[in-house]
Amino acid sequence: MELAPELLEELSGPHERSRELPALEGAENGVVMRFAPNPSGPLHLGHARASILNDYYVRRYGGRYVLRIEDTDPRRVDPEAYRMVLEDIEWLGLNITDIVYQSDRLDVYYDWCRRLIELGGAYVCVCDAERFRELKLKGKACPCRERTADENLDLWQQMLDGEFYEGDATVRVKTDLAHPDPAMRDFSAMRIVNAPPHPRVDAMVFPLMNFSVAVDDHLLGITHVIRGKDHIANTGRQRYIFDYFGWRPPVYRHYGRMGISGVVLSTSGMREGIRSGLYTGWDDIHLGTLRAIARRGIEPAAVRNAMVDIGIGETDITFSWENLYARNKELVDPKANRYFFVPDPVEVTVEGAPVHEARAALHPNDPSRGVRVLVAAGTVLLPKADIEGKSMVRLKDLYNIRIAWDGDVPQVTYAGESLGDARREKAPIIQWLPADARLPCTLHTQDGDIEGFCEPLVAGERDNVVQFERVGFARVDAVDGGRVSAYFAHR
RNA sequence: GCUGCUAUAGUGUAGAGGCCAAUCAUGUCGGCCUUUCACGCCGACGACAGGGGUUCGAAUCCCCUUAGCAGCACCA
């Protein structure tokens, strides 16, 4: 039998099952796109949307995908972040073809800045920033605007020669002081930063984002830019630079704001929390970093599918953890082995029970994977919350027990093996563990840690996502001296 | 305040004047299956922000209102 190609594709992985996004104008012959993070910390869900959406279109149309590290603000560069950003990109599986560090390109920016000044498109402003702001809001020119190109060239050289201190001079792009949006008026292109020193380059004059971005987008041949709408004003500013040089700007798409609840997202907030001990590190599960959700057992393809589902709409949205979990579950459910985890355990001896060997499938939909063998010799561990108030329960894959309550002390007796009996009495079927074959296990959740025990075989699942039956999916993070540490993903 | 963008079910999304008493996913609720409250299957619930226009006809076009968001840095 022949399989249809689209079926084959589906069998090849859950990767491309997501919906189709709108076409990009002018992309038919391939695209050059970019992901341009600032190396101030590891990547988070906000970065994931930007990078995956761009990645999506590069894969769809073919072309190059440039990773551009935007490290032109020494104050906002964390040397560690260079490594973390690369790690996170690899985790996401982005199809990066080129890597560019802006700190390697300062001479390029200096050169184009000089040309812009020669063209009369920029001037060196030595006004106090506050003073300039007042003038700008009134739509008035500052005195520096009248200087000739030659005078500006001199001042620019002085900036490069270190004859100005930080804050005393800046290069401004001449735009339109009457522009209805004050945000467009004569924005800065170059500035001086005396301290801290840049970790990668010995320099004091740095381009501001709008200048370096415009220059690089042109020089790198970027054809399409997909970014958040917080950049709309920047697009307008960058347009001036393109116009001065007669360059053709890329096609821009600005998607709406994405609110993410329940986690900390701001880099400064995360850093402070880590410093103060509130968080264990960049992968603390209360953070929205990719390494944090990876630790929780969320797969990169789930993030990708969730982001493509969200798309590039201009509407502001709230990110749905629920939807992400659903995406993850469809990936993880077929793979995850099943095990028993007994939270908040009660140890009981089952009166009259024969020694019995339970054979529980590692995966109910895939018998070929085999079974876990659990031997119940009479004393077992049961999840307290599941037996409270019950008179009969069935221990899954084992036998039925009857519970008589002496106050809050359960008296447990053997009630036969019949599954039919359990069904007739509507006895819940619950997980359990032999008292003598168990591993202490901590299940870390965002709401706190749950202590309990799990099957010994879980020790062999380090770094895998497993399903603790009736509890949910969890990633086995560490196995240390017979103790299991797992992170809850979702039900 | 100024400038601009957006507004479809709980959440995300499709829809570019008639094919929409509005798509898909997720969710919730029922049912089936099942030695997990997983997976799978079946069914149900649930939305065009409000008001005016234009048109034979509007979720789709225009205006107003309301709401949300973004920018107004010598950050990215």
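Chain identifiers are assigned alphabetically (A, B, ...) following the order of the sequence lines, protein sequences preceding nucleic acid strands; residue numbering begins at 1 within each chain.
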For A/Gly256, answer base if it contacts any base atom (sugar-phosphate contacts may also be present), sugar-phosphate if it contacts only those atoms, and nothing otherwise; contact means non-hydrogen atoms under 4.0 Å.
->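 It contacts nothing in the nucleic acid.
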Reckon A/Asp181 touches a base, only the sugar-phosphate, or nothing at all at heavy-atom distances under 4.0 Å?
->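 Result for A/Asp181 = base.
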Complementary nucleotide of [N], counting Watson-Crick and G-U pairs under 3.5 Å:
{"N": "B/U28", "answer": "B/A44"}
{"N": "B/U23", "answer": "none"}
{"N": "B/G57", "answer": "none"}
{"N": "B/G71", "answer": "B/C2"}
{"N": "B/U36", "answer": "none"}

Establish, yes or no, whether the cationic atom of [X] lies under 6.0 Å from the six-membered ring centre of [Y] and within 45° of the ring axis.
{"X": "A/Arg83", "Y": "A/Trp282", "value": "no"}
{"X": "A/Arg172", "Y": "A/Phe132", "value": "yes"}
{"X": "A/Arg49", "Y": "A/Phe319", "value": "no"}

Distance between P atoms of B/G52 and B/U13 (Å, rounded) |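 Those two atoms are separated by 29 Å.
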If we take the P atom in both B/A7 and B/A16, what is their distance in whole Å?
->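 So the two P atoms sit 14 Å from each other.
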Once the angle between the rings of A/Phe473 and A/His490 is folded into 0 to 90°, is it parallel (under 30°), tilted (30 to 60°) or perpendicular (over 60°)?
->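 It falls in the tilted class, 30° to 60°.
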Using a 4.0 Å cut-off on protein heavy atoms (strictly under), produce a 5'-to-3' string for nucleotides 7-13 of chain B with B for base contact, S for backbone-only sugar-phosphate contact, and - for none.
-> S--BBSS
Listed nucleotide nearest any side-chain atom of A/Glu314, set B/U36, B/G71, B/C5 =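 Selected nucleotide: B/C5.
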Candidates B/C5, B/C74, B/A76 - which lies nearest the side chain of A/Lys229 =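 My answer, after comparing the listed nucleotides, is B/C5.
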Carboxylate-amine/guanidinium contact [X] [Y], below 4.0 Å:
{"X": "A/Asp217", "Y": "A/Arg34", "answer": "yes"}
{"X": "A/Lys335", "Y": "A/Glu299", "answer": "yes"}
{"X": "A/Arg338", "Y": "A/Asp333", "answer": "yes"}

Using nucleotides 39-42 of chain B, report all nitrogen or oxygen pairs with the protein that are shorter than 3.5 Å.
unit_1, atom_1, unit_2, atom_2, d
B/C39, OP1, A/Lys329, NZ, 2.8
B/C39, O4', A/Asp333, OD2, 3.2

Base B/C37 paired with A/Asp386 side chain (donor-acceptor, <3.5 Å) =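 Counting by modelled atom types and ignoring angles, a donor-acceptor contact under 3.5 Å is found here.
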A/Trp112 versus A/Ile241: any side-chain heavy-atom pair under 4.5 Å?
->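 They are not in contact (no side-chain heavy atoms under 4.5 Å apart), so the answer is no.
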Are any of A/Arg423's side-chain N or O atoms less than 4.0 Å away from OP1 or OP2 of B/U35?
->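 True: A/Arg423 side-chain N/O within range (under 4.0 Å) of B/U35 OP1/OP2.
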Any pair with a residue in residues 360-376 of chain A that passes salt bridge (charged side-chain N to carboxylate O under 4.0 Å, His left out), sequence neighbours left out, goes on the list, sorted by first then second residue, please.
->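 Only A/Asp366-A/Arg369, A/Arg372-A/Glu455, A/Arg372-A/Glu469 qualify under salt bridge (charged side-chain N to carboxylate O under 4.0 Å, His left out).
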